[in-house]
Protein chains: 2
Amino acid sequence: MFKKAPQARPRLAADVYDQLLSAVVNGQIKPGERLIQEKIAAQINISRTPVREALLRLEQEGVLEQTGRRGFTIRDITDQEIRALYGAREAVEGYAAYVIATDRGDQQLATIEQAVLAEQQLFERDVEKEFTINRNIHRTIVEQSGNSVLLGMFDSLWSRGVSLWLFSATRNDQTPSKPDVHSKLLQKLKSGTPEEAQKEMIDHIRDGLDMHLENKKTHASNPDS
Amino acid sequence: MFKKAPQARPRLAADVYDQLLSAVVNGQIKPGERLIQEKIAAQINISRTPVREALLRLEQEGVLEQTGRRGFTIRDITDQEIRALYGAREAVEGYAAYVIATDRGDQQLATIEQAVLAEQQLFERDVEKEFTINRNIHRTIVEQSGNSVLLGMFDSLWSRGVSLWLFSATRNDQTPSKPDVHSKLLQKLKSGTPEEAQKEMIDHIRDGLDMHLENKKTHASNPDS
DNA sequence: ACCATGTATCCTGTATACAGTATTAAGCAG
DNA sequence: CTGCTTAATACTGTATACAGGATACATGGT
């Protein structure tokens with residue numbers, strides 16, 4: 001009669017995880033700051049156990065790191081690691097583009113197109129929205145490649161870089177031809193060779209890296225808004 | 001005078017993690033079997049806490065899954081997921097090949113060559129050794145691409161498939177031209193275009209998938225040794 | 001003022017205790 | 001014997017308690 005409850009009963013640890021992650025995204029926890037299990041637990045009035053679980057998970061995902069017995073801190077990411085993250089994105093997203101340009105399913109292409117169109121319908125300047133939409137375009141492409149493992153990697157990569165991507169977006173004062181870029185990418189997916197599609201994606205990501213490093217350098221000595 | 005202790009004080013949870021993982025690899029825990037925190041804890045005479053930590057980590061890595069309140073079990077992997085895993089390998093390792101064939105550092109190529117040579121010096125038939133050597137060849141290639149994030153993904157993928165790869169190797173009664181295959185791959189890394197190197201890697205992995213599925217089908221109704 | 005040594009505290013890792021729900025087993029009606 | 005209702009058990013998730021080692025602070029000697 002009624003479907004049986006789809007399990008997934010609420011897990012306190014999951015809440016903590018979300019809260020912490022979004023705190024990192026919003027910059028409420030700047031890098032270097034110490035995260036103490038007891039204090040976090042006290043702040044949200046729960047025990048240390050679920051807090052600990054969330055912290056460990058974030059550590060394993062590369063967002064936090066543990067420094068001896070001084071607690072967890074946000075990993076401050078070196079330039080080398082930034083490059084590595086972008087490189088990994090090239091691998092994952094480039095391959096996804098390759099696969100899509102090989103299969104060419106109508107449904108898949110339509111779904112991607114929709115994500116791309118959303119970007120063009122955004123006129124106001126809202127950094128966070130831009131970020132979300134951009135991320136969604138890339139994620140949709142990976143998703144539509146039909147490989148769930150790849151999608152998991154994508155999510156892992158992006159959550160690992162949360163503080164980074166947003167930072168980059170924030171600083172990127174003018175994004176002139178961005179919609180065009182994604183349209184071009186879509187075009188390659190639709191009618192280019194798989195190799196072309198992959199290359200287009202890789203180049204696009206590499207541009208992002210350049211812009212990222214550029215912004216970082218510019219604002220390096222002027223970290224406040 | 002004395003070197004300072006390299007921190008990393010022993011973590012009980014890490015032990016449990018290793019034990020469980022290798023138990024999966026050795027097939028001591030076949031898929032479907034239930035893993036109960038209390039029982040495991042009792043068996044190695046520790047409390048549930050570190051056991052739980054290890055289990056959660058293995059779950060996040062995709063080795064285990066949680067089924068309601070009936071404990072953890074080894075994920076039985078569907079054919080679709082096998083394909084997804086191999087696809088992800090194509091993305092990661094193919095990209096690594098591309099990068100290496102672009103940079104062409106002497107040191108890197110030499111390191112890879114060494115790994116390949118190790119395979120040709122193995123004459124006896126030792127399934128586990130073959131597996132280790134093969135894995136090492138692929139891992140070295142990713143490692144030498146110089147991208148630590150990519151390497152992390154590689155490790156994650158392979159540990160996720162541990163039970164699979166070994167299964168496949170076990171069943172693969174004759175591996176005739178395998179050394180040749182890797183030599184050819186090395187050749188492309190040394191002197192092919194990046195695209196060629198990538199393609200060679202992808203084809204190689206795809207062959208592995210075909211073989212895997214073939215073996216699986218053959219032995220499907222005869223699961224015991 | 002500076003360095004060394006001892007002491008207090010902080011913080012984690014592990015163990016144990018408690019609460020609650022899914023799953024299984026038991027009992028009973030048809 | 002089959003199907004339903006109710007009780008028992010089996011697990012997990014969360015909370016609390018304990019132990020030990022690192023870090024930070026204070027005290028005293030030079």
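Here the structure is a predicted model, which is why all the values come from computation and not from measurement. Proteins come first, then strands; the chains are lettered A, B, ... in the order of their sequence lines, and each starts at number 1.
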Between the protein and nucleotides 20-25 of chain D, which nitrogen or oxygen pairs come in under 3.5 angstrom?
unit_1	atom_1	unit_2	atom_2	d
D:dG20	N2	A:Arg69	NH1	2.8

>> Could you check whether any side-chain N or O of A:Thr78 sits under 3.5 Å from a backbone N or O of A:Glu81, counting only pairs where one atom can act as donor and the other as acceptor?
In response: yes

> Of the non-hydrogen atoms in A:Asn136 and A:Ala115, which two are nearest, and what is the gap between them?
Replying inline: OD1-CB, 3.8 Å

>> Between P on D:dC11 and CD1 on B:Ile40, what's the gap in Å once rounded to a whole number?
In response: 11 Å

> Could you state the CD-P distance from B:Glu38 to D:dG13, rounded to the nearest angstrom?
Replying inline: 12 Å

>> Can you confirm whether A:Gln28 is buried at CD, in the sense that more than 12 heavy atoms of other residues, nucleotides or ligands lie under 6.0 Å from that atom?
In response: yes

> Taking the side chain from A:Asn147 and the backbone from B:Ala84, do they hold a donor-acceptor pair closer than 3.5 Å?
Replying inline: yes

> Do any side-chain nitrogens or oxygens of B:Gln37 fall under 4.0 Å of OP1 or OP2 in D:dT12?
Replying inline: yes

> What is the ring orientation for A:His182 with A:His138, classed by angle as parallel under 30°, tilted 30 to 60°, or perpendicular over 60°?
Replying inline: perpendicular

>> For A:Glu53 and A:Arg11: C-alpha separation, side-chain torsions, deciding distance, then whether salt bridge (Lys or Arg N to Asp or Glu O under 4.0 Å) applies.
In response: CA-CA 11 Å; A:Glu53 185 179 326; A:Arg11 311 243 284 98; 3.0 Å; yes

> Which ones in residues 45-53 of chain A lie close to DNA chain C, meaning a heavy atom under 4.0 Å from one of its atoms?
Replying inline: A:Arg48, A:Arg52

>> Applying ring-ring contact (aromatic ring centres under 6.0 Å, His included), can you list everything that pairs with A:Tyr98, at least two apart in sequence or on another chain?
In response: none

> Any side-chain donor-acceptor pair under 3.5 Å between A:Gln60 and B:Glu61?
Replying inline: yes

> Over how many whole Å does the gap from B:Ile44 atom CD1 to C:dT14 atom C1' extend?
Replying inline: 13 Å

> Quick one: is C:dT14 close enough that its OP1 or OP2 comes under 4.0 Å of any side-chain N or O from B:Arg11?
Replying inline: yes

> For the pair made of NZ in B:Lys39 and P in D:dT9, what is the distance, rounded to whole Å?
Replying inline: 15 Å

>> Do A:Gln198 and A:Tyr95 pair up side chain to side chain, a donor and an acceptor below 3.5 Å, judged on atom types alone?
In response: no

> Rounding to a whole Å, what distance do you find between B:Ile36:CD1 and C:dT23:P?
Replying inline: 12 Å

>> I want to verify a distance call: between D:dT12, C:dT12, C:dT14, whose nearest atom is closest to the B:Ala13 side chain?
In response: C:dT14

> What does A:Leu55 touch in the nucleic acid at a heavy-atom separation under 4.0 angstrom: a base, only the sugar-phosphate, or nothing?
Replying inline: nothing

>> Measuring from the side chain of B:Gln66 (C-beta onward, heavy atoms only), which nucleotide among C:dC11, D:dT12, C:dA15 has the closest atom?
In response: D:dT12

> When all nucleic acid strands are considered with a 4.0 Å heavy-atom cut-off, which category describes A:Leu56: base, sugar-phosphate, or nothing?
Replying inline: nothing

